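What follows is a set of notes on a single structure, which appears directly below.
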Amino acid sequence: MRISVIGCGYLGAVHAACMAKLGHEVVGIDVDERKISELAAARAPFFEPGLDELLKEVQATGRLTFTTDMASAQGSAVHFICVGTPQKKGENAADLTFVDAATAALIPYLSPTDVVVGKSTVPVGTANRLAGVVQEAVPDAHLVWNPEFLREGHAVSDTLQPDRLVYGVTDGSEEHEAVQVLDTVYSVPMEAGTPRLITDLPTAELVKTAANSFLATKISFINAMAELCDAAGADVTLLADAIGMDDRIGRKFLNAGIGFGGGCLPKDIRAFMARAGELGADQALTFLREVDAINMRRRTRVVELTREVCGGSLLGQRITVLGAAFKPESDDVRDSPALSIAAQLQLQGAVVTVTDPEALGNAARRFPELHYEASTDEALRRADALLLLTEWREYRDLDPYETAAKVSGLKILDGRNVLDPTKWRAAGWTYRGLGRP
Ligand code: UGA
């Protein structure tokens with residue numbers, strides 16, 4: 001099948017490469033020339049495990065090309081819209097400029113029976129509106145919504161082996177013409193047993209925002225428990241293990257720490273609240289305000305705890321922050337709790353050094369005022385206190401004895417609760433976790 005993928009960021013670049021891997025002939029289109037020239041040279045413009053290798057593999061088959069020219073979408077039977085929907089500046093709502101622009105730019109190149117497939121995360125109601133726009137311009141073309149559930153760091157496997165496929169179609173029916181087209185696109189994962197659900201357009205949009213809201217709620221729930229554990233002298237990691245053994249609850253996404261960040265969960269819960277307000281259903285989502293508030297409180301808590309660990313004042317304290325990305329296996333620093341904590345500490349008088357295996361370039365662009373050090377050894381040198389804020393494997397594996405020989409002060413704050421407190425304390429460290437005694 002010939003497919004176009006419009007928008008080649010985290011979602012689109014991975015989607016384009018994976019569609020080519022599934023055997024389709026794919027053109028990836030983006031307005032950003034730098035991104036396109038990187039991708040055309042089979043280099044991922046961001047860090048995503050396995051993506052460089054996949055780009056090389058599929059580009060060698062000739063099935064994947066990249067261009068800035070929207071006219072190249074002409075002749076594709078399926079057009080995936082994969083552009084970003086960031087938070088609007090100064091508001092909670094999602095900014096749909098890119099989705100609207102991509103759809104408008106595509107329309108002149110659509111043929112009757114083409115299928116436009118929205119994958120971006122949008123406020124409920126957007127797909128119906130865009131379906132109207134497409135229908136008016138090309139009456140026999142279709143617009144469907146097919147939300148994406150990939151996680152950064154696992155994007156390639158999540159796309160090639162998704163845990164479910166959701167198709168939102170205008171009439172919500174299995175008989176809709178676009179269903180067969182998408183089944184052909186996804187024939188490989190479907191044959192491997194991936195379940196697929198057919199819904200109407202608003203349900204498909206809501207599936208995505210509901211899923212991300214649930215995940216955010218789970219994280220904030222356990223972080224609220226961490227606050228209680230701190231107050232009561234209990235251990236949130238054991239509490240999570242114990243409640244997680246109930247398979248109605250499950251252990252995944254119950255890791256207490258500095259909270260969630262990234263380009264998705266924070267902005268998605270805010271956009272969801274804003275949209276609920278527009279629909280007159282704001283009461284239904286007031287709990288998400290609390291989810292957001294608990295999450296943001298984690299950052300303040302870590303700053304306060306660091307001050308405490310440093311003996312009551314941050315002034316002049318040399319603090320090394322291990323991790324800048326919003327999570328490991330990613331170079332994404334959008335709304336990264338690690339970086340926001342680092343910036344707060346610096347503002348309050350600490351001398352902060354930030355290190356990260358992949359995210360320093362992005363971090364320096366976002367917070368140029370912070371000091372960055374690529375080598376972990378150099379970053380550790382003469383630190384008065386360490387903060388582990390992104391749980392990259394290399395930080396989880398630090399040896400407390402070897403690390404002790406490199407730093408000035410044996411104080412560590414484990415913002416992700418991934419170190420063994422007994423081992424670190426035995427090596428002479430003052431260890432503090434979050435919600436751990
Ligand atoms: C999230 C969803 O998990 C994906 O299913 C979804 O497709 C994606 O958003 C999206 O909307 O595109 P992602 O942003 O890549 O994926 O990151 P997550 O793995 O969900 O992690 C989000 C944040 O939660 C990270 O900062 C992570 O450190 C934090 N987290 C996660 C915790 O603090 N505790 C946990 O137990 C789990």
Side-chain angles (χ1 to χ4, degrees), residues 7 9-11 81-100 118-131 145-152 166 168 199-227 252-301 326-327 332-337 339-341 344 366:
Y10 285 97
L11 167 58
I81 308 259
C82 295
V83 294
T85 52
Q87 189 172 338
K88 272 188 191 164
K89 291 218 161 47
E91 280 181 56
N92 271 350
D95 180 353
L96 296 178
T97 314
F98 303 117
V99 172
D100 289 337
K119 287 198 88 65
S120 310
T121 301
V122 291
V124 60
T126 307
N128 255 327
R129 178 172 62 76
L130 293 178
W145 217 259
N146 170 222
E148 181 52 58
F149 304 104
L150 67 79
R151 299 158 297 166
E152 288 179 24
V166 175
T199 71
D200 51 28
L201 290 173
T203 306
E205 293 166 306
L206 279 173
V207 166
K208 174 61 192 271
T209 28
N212 276 3
S213 299
F214 192 83
L215 294 170
T217 304
K218 233 182 148 180
I219 300 167
S220 277
F221 173 83
I222 202 65
N223 280 330
M225 293 305 111
E227 289 184 14
K252 290 182 182 160
F253 269 66
L254 282 185
N255 296 319
I258 61 173
F260 58 82
C264 303
L265 301 194
K267 65 115 175 139
D268 286 354
I269 61 170
R270 291 172 193 156
F272 201 15
M273 285 185 271
R275 184 64 185 138
E278 288 167 4
L279 293 171
D282 44 341
Q283 264 198 327
L285 297 187
T286 46
F287 75 97
L288 286 178
R289 289 170 71 98
E290 204 48 46
V291 166
D292 204 354
I294 293 167
N295 192 52
M296 298 315 284
R297 243 185 356 249
R298 303 309 290 160
R299 306 177 184 191
T300 327
R301 169 83 186 129
F326 84 107
K327 69 171 186 183
D332 195 347
V333 299
R334 285 176 293 172
D335 209 346
S336 163
L339 265 187
S340 116
I341 290 165
Q344 265 305 315
R366 191 149 292 217

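Remember, predicted model here, so these are calculated numbers, not experimental data. Quick note: residue numbers are just sequence positions, from 1.
- A distance of 10.5 Å separates OG1 of T217 from CG of D292, quoted to the nearest 0.5 Å.
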Pair F326-E152, side chain to side chain contact (heavy atoms under 4.5 Å, CB included): steps then yes or no: CA-CA 10 Å; F326 84 107; E152 288 179 24; 3.2 Å; yes
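- Between R299 and Q344 there is no side-chain heavy-atom pair separated by less than 4.5 Å.
- A search for side chain to side chain donor-acceptor pair (under 3.5 Å) contacts involving R297 returns E227, not counting sequence neighbours.
- If you take CG on L285 and CZ on R289, they are separated by 11.5 Å, rounding to the nearest 0.5 Å.
- Side-chain atoms of N295 and L265, non-hydrogen and from C-beta on, never get closer than 4.5 Å to each other.
- Between G257 and R298, the closest heavy-atom pair is O-NE, 2.8 Å.
- Using a cutoff of 4.0 Å between basic side-chain nitrogens and carboxylate oxygens, R129 and D100 are scored as salt-bridged.
- When every heavy atom of V291 is checked against every heavy atom of A216, the shortest pair comes out as CG1-O, 3.6 Å.
- Of all non-hydrogen atoms in A204 and G168, the two that sit nearest each other are CB-CA, 3.5 Å.
- Using a cutoff of 4.0 Å between basic side-chain nitrogens and carboxylate oxygens, D335 and K267 are not scored as salt-bridged.
- In this structure a side-chain-to-backbone donor-acceptor pair under 3.5 Å is present from Q87 to E91.
- To the nearest 0.5 Å, atom OG of residue S220 and atom CE of residue M225 are 11.0 Å apart.
- Counting heavy atoms from C-beta outward, R334 and R366 have side chains that approach closer than 4.5 Å.
- When the shell of 6.0 Å around CZ of F287 is examined, it contains more than 12 heavy atoms from other residues, nucleotides or ligands.
- When all heavy atoms of T85 and S120 are compared, the closest pair comes out as CG2-CB, 4.1 Å.
- Summarising the geometry, atom CD1 belonging to I269 is positioned 11.0 Å from atom CG belonging to L215; distances are rounded to the nearest 0.5 Å.
- Here the closest non-hydrogen pair linking K119 and P147 is NZ-O, 4.1 Å.
- In plain terms, the two heavy atoms of G259 and P337 that are nearest each other are O-CG, 3.5 Å.
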Assess the residue pair V166 and F149 against the criterion (side chain to side chain contact (heavy atoms under 4.5 Å, CB included)); give the C-alpha distance rounded to whole Å, side-chain angles, the decisive distance to 0.1 Å, and a yes or no. CA-CA 10 Å; V166 175; F149 304 104; 4.1 Å; yes
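- At a threshold of 4.0 Å, the pair E205-R275 does not count as salt-bridged, since none of the basic side-chain nitrogens sits closer than that to a carboxylate oxygen.
- To the nearest 0.5 angstrom, I258 atom CD1 is 6.5 Å from S336 atom OG.
- Put simply, the side chain of L150 reaches to within 4.5 Å of the side chain of L11, judged on heavy atoms.
- For N92, there are no side chain to side chain donor-acceptor pair (under 3.5 Å) partners two or more places apart in sequence or in a different chain.
- Proximity of L254 to K218: side-chain heavy atoms (C-beta onward) are separated by under 4.5 Å at one or more points.
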Mind running side chain to side chain contact (heavy atoms under 4.5 Å, CB included) on T209 and V124 for me, showing each step along the way? CA-CA 9 Å; T209 28; V124 60; 5.9 Å; no
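- Within the 4.5 Å cutoff, the side chain of W145 has heavy atoms near those of the V122 side chain.
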Walk me through it: do N212 and F272 pass the test side chain to side chain contact (heavy atoms under 4.5 Å, CB included)? CA-CA 10 Å; N212 276 3; F272 201 15; over 6 Å; no
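- Atom CE of residue M273 and atom OG1 of residue T286 lie 9.5 Å apart, to the nearest 0.5 angstrom.
- Applying the 6.0 Å contact sphere to CZ of F221 captures no more than 12 heavy atoms from other residues, nucleotides or ligands.
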